[in-house]
A.B. asks: 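Take this structure first; my questions come after.
All chains are named by letter (A, B, ...) in the order of the sequence lines, taking the proteins before the strands, and each is independently numbered beginning at 1.
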2 protein chains.
Amino acid sequence: MKASIRDVAKLANVSISTVSRVLNAPELVVKEKREKVLAAIAQLNYSPNALARGLIHRRTQTLGVLSPNISNLFYSEVLAGMEGAAHEAGYNLMICNTDNNAQKKHAILKVLNEKQIDGLILTSEPVLPDDYEVLSKFTFPVVLAATHSPDYEIASVKVDDEKAAYDAAAYLISRGHRRIGMISGSIDDPISGGPRIRGFLRALNDHGIESDPKKCIEYGSPQFEHSYQAMKALHAKFPDMTAVFATSDERALAAISYLHEHRIRVPEEISVIGFDNTRMAGMCFPKLTTVAQPLFDIGYLSVVKLLRLIRGEPVHDLRTVVPHSIVERDSVISVKP
Amino acid sequence: MKASIRDVAKLANVSISTVSRVLNAPELVVKEKREKVLAAIAQLNYSPNALARGLIHRRTQTLGVLSPNISNLFYSEVLAGMEGAAHEAGYNLMICNTDNNAQKKHAILKVLNEKQIDGLILTSEPVLPDDYEVLSKFTFPVVLAATHSPDYEIASVKVDDEKAAYDAAAYLISRGHRRIGMISGSIDDPISGGPRIRGFLRALNDHGIESDPKKCIEYGSPQFEHSYQAMKALHAKFPDMTAVFATSDERALAAISYLHEHRIRVPEEISVIGFDNTRMAGMCFPKLTTVAQPLFDIGYLSVVKLLRLIRGEPVHDLRTVVPHSIVERDSVISVKP
DNA sequence: CTGCATATTGAAAAGCTTTTCAACCTTTGC
DNA sequence: GCAAAGGTTGAAAAGCTTTTCAATATGCAG
């Protein structure tokens with residue numbers, strides 16, 4: 001049986017108020033009693049019960065985190081950033097996998113709400129009307145990490161996808177490439193779809209490159225196998241391209257895998273630029289040139305922002321835009337225009 | 001202000017006991033009142049408070065998980081398995097990063113204990129006497145995932161590292177290799193050090209291959225950069241080896257990276273076998289032949305085991321050994337003996 | 001019609017802590 | 001020597017729910 005504050009009080013021969021004070025405001029208790037209490041605590045191996053504490057303070061020092069897939073390098077780096085910020089601030093994270101399953105997601109939200117989390121972070125997945133209806137009934141604040149909600153006023157932390165894609169394409173163009181393909185998320189994916197496609201096409205256009213989206217873009221889900229097939233299709237319809245913009249590192253790796261297997265050298269024959277700069281990018285061959293997102297920071301800043309909202313502190317920008325950059329490694333080569 | 005059970009009771013004009021029953025044993029309440037209560041719940045958007053519930057039941061349906069680094073593919077796949085099993089059983093996971101920092105670890109354990117977790121899972125890190133002293137004072141059960149404690153009686157779920165390393169070496173030998181190097185964890189690492197070194201050497205010995213550990217083994221921490229250096233050192237002292245056994249996929253990738261950069265072809269000139277079979281193994285070039293650990297299952301089974309311990313059900317084996325296997329891809333080639 | 005069993009409900013205690021308020025004691029200042 | 005101030009402590013309420021126990025009402029048998 002676990003010792004409670006009453007047991008400590010009894011053993012130390014004081015009231016439970018005094019024990020509580022020894023724990024929370026020791027200077028209010030005279031040394032003699034304080035030491036007796038401390039001794040009793042040690043003897044009973046007493047540990048305060050955070051449930052009771054949370055009941056009174058209406059705070060649990062716990063945040064909820066929803067992620068479509070925690071075993072994904074992208075998310076796990078973001079999660080690591082969250083965990084870091086949370087730990088520094090004395091919070092814990094309840095991390096849940098949604099598997100992109102709306103039903104599971106709503107079930108989890110219900111439980112997290114019952115468990116009285118102080119705030120919630122949603123990663124990636126867009127916020128649908130269904131979701132918003134649930135979220136808006138919660139009394140705790142919500143932050144979106146690496147995603148945003150164009151339709152609703154929800155705090156978020158992410159890169160500027162349109163600009164990042166523009167920069168990726170512009171980078172390839174600056175290296176002399178003119179025939180550039182793209183492996184993208186589906187057109188209505190608000191992260192690695194729409195915005196990045198627009199940025200990509202805008203860059204081509206700005207640099208006077210005519211392009212037919214039907215020919216140079218292949219759409220698909222992010223999994224390696226699907227992306228491999230996408231690269232196959234892209235190569236079939238656009239065989240003379242000299243560079244590919246893949247909208248995630250996993251897609252880039254899949255593209256490279258396809259090319260390697262068909263004896264097309266990367267980057268000598270086809271350059272590949274990725275997106276995300278997950279740790280994998282520096283570990284594969286050839287090492288990936290990629291658009292870096294500050295994944296750890298996105299997680300870290302989401303928690304910082306969430307804590308401000310929890311404390312009721314002013315948050316200057318509802319939508320935080322974090323900087324991207326291009327990390328040059330070995331998968332892109334310059335060609336003569 | 002959040003509605004409480006009293007508010008619902010007042011609005012529905014019944015006692016709080018009745019509201020509680022509607023939620024937990026609806027068949028005990030006559031239909032008329034039940035519907036009034038349900039209507040009040042909906043109107044007030046009432047959600048029960050799990051803290052109060054936990055206080056009474058002395059159960060929180062929450063498990064603690066400590067991991068040295070949640071952004072590591074290895075751990076994140078194990079974590080995904082845990083999350084899956086936990087979700088199915090109606091539990092949540094509080095996941096914490098220890099950064100291999102003993103002080104941080106103990107601080108976290110203190111908080112998790114206060115938060116009344118029902119059980120704890122420790123991944124990887126060995127259990128030191130210091131740790132054991134802390135753990136043994138907890139009233140909830142503990143399971144080790146992908147690690148074990150030779151010195152203490154703690155439940156665990158992991159592969160047989162000695163045997164797995166033996167099999168890896170035997171596999172290389174069966175492909176005709178005789179001059180085999182190894183990139184290992186430090187000798188006193190109870191996971192990717194000692195046992196795997198012993199298994200490796202035993203296999204060489206069993207197959208009549210003389211070997212000098214000083215020459216054929218290079219020790220080091222698991223990070224890519226360190227492993228890269230280890231490969232460099234190994235190649236310098238053992239230039240005519242035809243195969244390398246790397247004790248993690250990350251180490252294998254670092255080795256391959258070194259070899260690529262020095263124009264040594266993999267697997268044509270040197271074969272490389274990895275360990276873990278993280279998702280990366282199938283995404284790099286060449287695709288990695290590796291000793292597969294059932295990472296997801298290790299996580300899943302740890303939670304299943306932990307739940308049995310929590311429920312006081314019998315657990316037949318204190319130390320669960322899960323099967324490993326060799327996944328053949330493209331990084332190992334047969335040579336003429 | 002009485003008595004007993006059963007169905008339904010509510011009051012109150014328990015679970016553990018923090019916090020407010022009041023009480024008591026000791027100083028200090030005049 | 002007494003009033004006021006300050007230091008220390010304990011009792012009790014509050015936070016929200018579940019559960020036990022008792023009470024009331026209903027139905028049925030004899």
A.B. asks: Nearest to the side chain of A/I16 - D/dG10, C/dT9, C/dT17?
C.D. replies: C/dT17
A.B. asks: Between A/S17 and D/dG10, does any side-chain N or O lie under 4.0 Å from OP1 or OP2?
C.D. replies: no
A.B. asks: Between D/dT9, D/dT17, C/dT9, spot the one nearest the side chain of A/V29, thanks.
C.D. replies: D/dT9
A.B. asks: Mind checking whether B/I108 and A/H87 have side chains closer than 4.5 Å, heavy atoms only?
C.D. replies: yes
A.B. asks: Measure the shortest side-chain to side-chain distance between A/L44 and A/D7 over non-hydrogen atoms and say whether it is less than 4.5 angstrom.
C.D. replies: yes
A.B. asks: Output the single nucleotide from D/dG10, D/dT17, C/dT17 whose closest atom is nearest the side chain of A/I5.
C.D. replies: C/dT17
A.B. asks: If I take atom CG in residue B/N13 and atom P in nucleotide C/dT9, what distance separates them, rounded to the nearest angstrom?
C.D. replies: 12 Å
A.B. asks: Grab the NZ-C1' distance between A/K2 and C/dA14 for me, whole Å please.
C.D. replies: 17 Å
A.B. asks: Counting just side-chain N and O atoms, does B/S20 come under 4.0 Å of either OP1 or OP2 of D/dT18?
C.D. replies: yes
A.B. asks: With a 4.5 Å limit on heavy-atom distance, are the side chains of A/T123 and A/T147 in contact?
C.D. replies: no
A.B. asks: Would you say A/N24 and A/R53 make side-chain contact, with heavy atoms under 4.5 Å?
C.D. replies: yes
A.B. asks: Do the non-hydrogen side-chain atoms of A/I70 and B/I70 ever get within less than 4.5 Å of each other?
C.D. replies: no
A.B. asks: Just the rounded figure in Å: distance from P of C/dT17 to CZ of A/R21.
C.D. replies: 15 Å
A.B. asks: Nearest-Å distance, CD (A/E27) to P (D/dG7)?
C.D. replies: 12 Å
A.B. asks: Once you round it to whole Å, what is the distance between P of C/dG15 and CZ of B/R59?
C.D. replies: 16 Å
A.B. asks: Any side-chain heavy atom of A/P26 sitting closer than 4.5 Å to one from A/V29?
C.D. replies: no
A.B. asks: Determine to 10° how strongly the helix from C/dC1-D/dG30 to C/dC30-D/dG1 is bent, judged from the axes of its five-pair ends.
C.D. replies: 60°
A.B. asks: C/dC16 C1' sits how many Å from A/I41 CD1, rounded?
C.D. replies: 14 Å
A.B. asks: So if I take every side-chain heavy atom of A/I56 and compare against C/dT18, C/dA11, D/dT17, which nucleotide ends up nearest?
C.D. replies: C/dT18
A.B. asks: Between D/dG15, D/dT17, C/dT17, which nucleotide gets closest to the side-chain atoms of A/L55?
C.D. replies: D/dG15
A.B. asks: Once you round it to whole Å, what is the distance between P of D/dG15 and CG of B/D7?
C.D. replies: 11 Å
A.B. asks: Does B/H57 make a side-chain N or O approach to OP1 or OP2 of D/dT19 shorter than 4.0 Å?
C.D. replies: yes
A.B. asks: When you measure from the side-chain N and O atoms of A/N24 to the phosphate of C/dT18, is any distance below 4.0 Å, counting only OP1 and OP2?
C.D. replies: yes
A.B. asks: Determine the minimum heavy-atom distance between B/Q61 and A/K115, stating which atoms define it.
C.D. replies: O-NZ, 2.7 Å
A.B. asks: Would you confirm whether B/R319, through its side chain, and B/S149, through its main-chain N or O, come within 3.5 Å as a donor-acceptor pair?
C.D. replies: yes
A.B. asks: Give a yes/no answer on whether the side chain of B/R53 brings an N or O atom under 4.0 Å of OP1 or OP2 in D/dT18.
C.D. replies: yes
A.B. asks: Return no unless some side-chain N or O of A/T18 is found under 4.0 Å from OP1 or OP2 of D/dT9.
C.D. replies: no
A.B. asks: What is the distance from CZ of B/R6 to C1' of D/dT18, rounded to the nearest Å?
C.D. replies: 13 Å
A.B. asks: Would you say D/dT8 has OP1 or OP2 under 4.0 Å from some side-chain N or O of A/K33?
C.D. replies: no
A.B. asks: Counting only side-chain heavy atoms from C-beta out, which of C/dT19, D/dC16, C/dA11 sits nearest to A/R58?
C.D. replies: D/dC16
A.B. asks: What nucleic acid atoms does A/V19 come within less than 4.0 Å of, heavy atoms only: base, sugar-phosphate, or nothing?
C.D. replies: nothing
